[in-house]
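When a residue number appears, it is its place in the shown sequence, counting from 1. Bear in mind that the values here come from a model prediction, so they are computed numbers and not experimental data. Heavy-atom basis, side chains included; hydrogens, waters and symmetry copies ignored.
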Amino acid sequence: MHTTSLYIFQNDCRLHDNPTLTEAAKSSKKLVCAYIVDPRLFTAHPYSALTISPHRWHFLKQSLDTLNNNLQKLGQSLHVIFDHSNDAIAKLITQYNLNAIYLQQGAGTYEQNIAQHIKKHYPFITLNTPQSHTLYNEEDFPFTLSELPATFSKFRKIAEKLPVKTPLNTPTSLPPAPKDAPNGIYQMPSYILKANNATPTSTMFNGGENAGLAHSKAYFDSDKPQHYKEVRNALDGLDNSTKFSPWLANGNLSVRQLYQQLKTYERDVKANSSTYWIYFELLWREYFFWYAKAHQHALFAVKGIKQKAPLTSFYPNRFKQWTQGSTPYPIVNAIMNQLNQTGYISNRARQIAASCFVNELDLDWRYGAAYFEEKLIDYDVGSNWGELAISSRRRCRCKRQASL
């Protein structure tokens with residue numbers, strides 16, 4: 001039993017089916033719950049203006065506010081810290097004399113670097129990194145991460161045979177926070193207010209665990225799962241596709257919880273090719289999580305995983321046209337305008353915009369991936385950088401579609 005533990009929330013901002021939180025609660029007498037907002041989110045990205053747009057920040061802030069409210073119902077609160085991760089962790093270790101740190105396993109290099117930094121500089125701290133963001137744990141696979149199948153099809157054939165663990169119950173109590181821990185109220189630094197001085201022009205989704213659970217319940221209480229495959233490739237429409245991705249990306253929803261809801265629907269209502277295809281898409285998301293974790297820094301390299309550089313370059317004017325929706329292709333312009341105004345576009349729209357970026361405009365795909373990272377409220381490192389690197393190499397017929 002640890003005297004005082006720190007739980008660092010990342011993209012697991014929820015209480016339900018949260019193995020990391022459950023483990024921390026069982027093994028700690030005192031618990032500090034924190035979320036670290038790194039200032040680099042609001043500074044220039046190597047390939048873009050910002051790393052996080054007002055839409056993304058708005059959704060994240062709603063997620064943090066909901067998380068804090070839910071924690072307070074259990075006698076806890078969320079300590080939101082605006083600082084570089086390593087500096088924030090060092091201060092917390094000193095302030096609370098920590099014995100253990102809990103954080104979920106992340107797919108991205110940033111998240112993995114945090115864990116590696118703790119291991120290297122604080123060997124006296126017990127570091128626990130359960131898996132909270134995926135259907136399966138790494139040890140569930142009959143292969144090592146270095147042997148991850150090179151294609152999704154091969155991965156799917158293996159993963160479909162594996163059982164999915166039952167989601168954990170939402171905790172009914174948590175260890176108390178130390179007496180001097182903050183009460184969850186925080187002030188945003190000036191650099192955030194400056195970088196995000198514009199209120200989002202359109203908010204399609206409300207962030208947070210409560211909103212995510214309400215959406216998933218409403219979806220599976222309807223007949224939409226029976227028709228998912230028929231409408232999943234539509235370019236627009238709130239009723240087309242499941243729209244789970246914003247809450248999944250921020251960890252407001254557990255993917256195992258969604259899987260259980262899907263299986264309950266198939267058992268009690270109807271199972272068909274559309275309900276299977278929802279599971280198929282969850283597996284697609286799963287694959288790119290492990291894809292990102294397996295390939296790490298290579299995910300962001302211009303040559304990609306296969307070490308083959310695309311025949312593209314960077315043309316500032318073309319890039320500006322693409323981001324502002326003023327290309328020669330009306331369909332791409334419509335897609336980019338929707339992205340800029342809402343922080344969300346459909347999967348089909350992303351494929352068209354990405355393919356046009358590389359194939360018609362001959363632009364370095366990394367700039368497009370970075371722009372999606374900045375804008376999309378459902379940004380996910382594996383799906384964004386891994387999937388875009390692949391889909392950007394597929395030809396899209398912008399000229400033909402623009403004439404429809």
Side-chain angles (χ1 to χ4, degrees), residues 11 17 107 133-136 140-141 148-149 151-165 167 204-205 212-213 215-267 269-293 344-355 372 376-392 394:
N11 56 347
D17 188 38
H133 201 56
T134 52
L135 284 169
Y136 308 107
D140 295 334
F141 297 122
L148 180 74
T151 65
F152 169 70
S153 295
K154 293 180 180 179
F155 173 83
R156 177 177 59 83
K157 291 177 182 178
I158 296 172
E160 282 182 330
K161 301 174 183 178
L162 303 176
V164 176
K165 292 181 175 63
M204 295 176 63
F205 305 94
L213 288 172
H215 175 76
S216 64
K217 182 180 184 305
Y219 184 80
F220 286 111
D221 281 347
S222 72
D223 65 351
K224 294 176 185 176
Q226 301 174 36
H227 309 289
Y228 171 74
K229 192 176 181 182
E230 303 164 19
V231 298
R232 58 179 288 271
N233 278 324
L235 275 176
D236 199 13
L238 286 173
D239 290 337
N240 298 323
S241 82
T242 66
K243 300 297 187 294
F244 294 147
S245 60
W247 293 288
L248 279 173
N250 288 269
N252 302 154
L253 279 177
S254 155
V255 65
R256 289 177 180 171
Q257 176 78 16
L258 286 179
Y259 175 83
Q260 185 181 67
Q261 289 177 283
L262 173 63
K263 289 303 173 182
T264 300
Y265 186 94
E266 289 184 323
R267 183 195 66 205
V269 183
K270 186 175 183 177
N272 61 12
S273 60
S274 283
T275 58
Y276 166 76
W277 215 259
I278 295 174
Y279 171 58
F280 180 94
E281 294 294 349
L282 292 179
L283 283 181
W284 186 265
R285 171 187 178 274
E286 184 83 9
Y287 177 66
F288 277 103
F289 175 93
W290 298 109
Y291 189 88
K293 189 168 184 181
Y344 182 86
I345 49 177
S346 69
N347 181 61
R348 179 61 177 152
R350 297 175 202 203
Q351 292 176 347
I352 292 173
S355 186
F372 276 179
L376 289 168
I377 60 173
D378 61 352
Y379 166 73
D380 176 90
V381 61
S383 297
N384 187 74
W385 287 86
E387 187 174 350
L388 196 144
I390 295 173
S391 65
S392 65
R394 300 173 183 156

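- Taking the side chain as every heavy atom from C-beta outward, Leu376 and Ile345 approach each other to under 4.5 Å.
- A heavy-atom distance below 4.5 Å is not found between the side chains of Arg156 and Glu286.
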Can His133 and Val255 be said to form a side-chain contact (heavy atoms from CB on, under 4.5 Å), step by step?
CA-CA 7 Å; His133 201 56; Val255 65; over 6 Å; no
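- Atom CD of Gln226 is separated from atom CD1 of Ile278 by 10.0 Å, given to the nearest 0.5 angstrom.
- The minimum heavy-atom distance between Ser274 and Pro225, with the atom names listed, is CB-O, 3.2 Å.
- Between Asp378 and Ser245 the shortest heavy-atom distance is OD2-OG, 2.7 Å.
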Begin from the C-alpha positions of Lys224 and Asp239 and carry the test salt bridge (Lys or Arg N to Asp or Glu O under 4.0 Å) through to its verdict.
CA-CA 8 Å; Lys224 294 176 185 176; Asp239 290 337; 2.9 Å; yes
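- In this structure, OG in Ser346 is found 7.0 Å from CG in Asp236, a value given to the nearest 0.5 Å.
- The OH atom of Tyr228 sits 14.5 Å away from the OH atom of Tyr279 when rounded to the nearest 0.5 Å.
- Residues Leu253 and Leu248 share a closest heavy-atom pair of O-CD2, 3.7 Å.
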Which is it for Thr275 and Lys270 under the side-chain contact (heavy atoms from CB on, under 4.5 Å) test, yes or no, and what are the steps along the way?
CA-CA 8 Å; Thr275 58; Lys270 186 175 183 177; 5.9 Å; no
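- In terms of modelled atom types and a separation under 3.5 Å, the side chain of Asn384 and the main chain of Asp380 share no donor-acceptor contact.
- A cation-pi geometry, defined here as NZ or CZ lying under 6.0 Å from the six-membered ring centre and within 45° of its normal, holds between Arg350 and Tyr344.
- In this structure a side-chain-to-backbone donor-acceptor pair under 3.5 Å is present from Arg256 to Thr134.
- Here the closest non-hydrogen pair linking Asp17 and Pro167 is OD1-CA, 3.3 Å.
- At a threshold of 4.5 Å between non-hydrogen side-chain atoms, the residues Glu281 and Phe244 do not count as touching.
- With respect to Phe152, the ring-ring contact (aromatic ring centres under 6.0 Å, His included) criterion is satisfied by exactly one of Trp284, Trp290, Phe288: Trp284.
- Taken from NZ in Lys243 to CG in Leu238, the straight-line distance is 6.0 Å, to the nearest 0.5 Å.
- When the shell of 6.0 Å around NZ of Lys263 is examined, it contains more than 12 heavy atoms from other residues, nucleotides or ligands.
- Between the side chain of Ser355 and the backbone N or O of Ile352, no donor-acceptor pair lies under 3.5 Å.
- The two residues Thr242 and His215 make their nearest non-hydrogen contact at O-NE2, 2.7 Å.
- Aromatic rings of Phe155 and Tyr291 (six-membered ring for Trp) have centroids beyond the 6.0 Å cut-off, not under it.
- In this structure the side chain of Ser216 never reaches within 4.5 angstrom of the side chain of Gln257, judged on heavy atoms.
- Ring-centre distance between Tyr219 and Tyr265: not below the 6.0 Å cut-off.
- Taking the six-membered ring for Trp, Trp247 and Phe205 have ring centres closer than 6.0 Å.
- Residues Lys165 and Tyr136 form no side-chain contact, since every pair of their non-hydrogen atoms from C-beta on lies 4.5 Å or further apart.
- Distance alone, capped at 3.5 Å, is enough to place a donor-acceptor pair between the Tyr287 side chain and the Pro149 backbone.
- Residues Arg348 and Arg232 fail the side-chain proximity criterion, which asks for heavy atoms closer than 4.5 Å.
- Looking at every heavy atom in both residues, Ser241 comes nearest to Val231 through N-CG2, 4.1 Å.
- Between His227 and Asp223, the closest side-chain pair of non-hydrogen atoms falls below 4.5 Å.
- Rounding to the nearest 0.5 Å places CG of Leu262 at 11.5 Å from CZ of Arg267.
- Checked by atom type and distance alone, the side chain of Asn250 never pairs as donor or acceptor with a backbone atom of Asn252 at under 3.5 Å.
- For the pair Thr264/Phe220, no side-chain contact is recorded, criterion being any heavy-atom separation below 4.5 Å from C-beta on.
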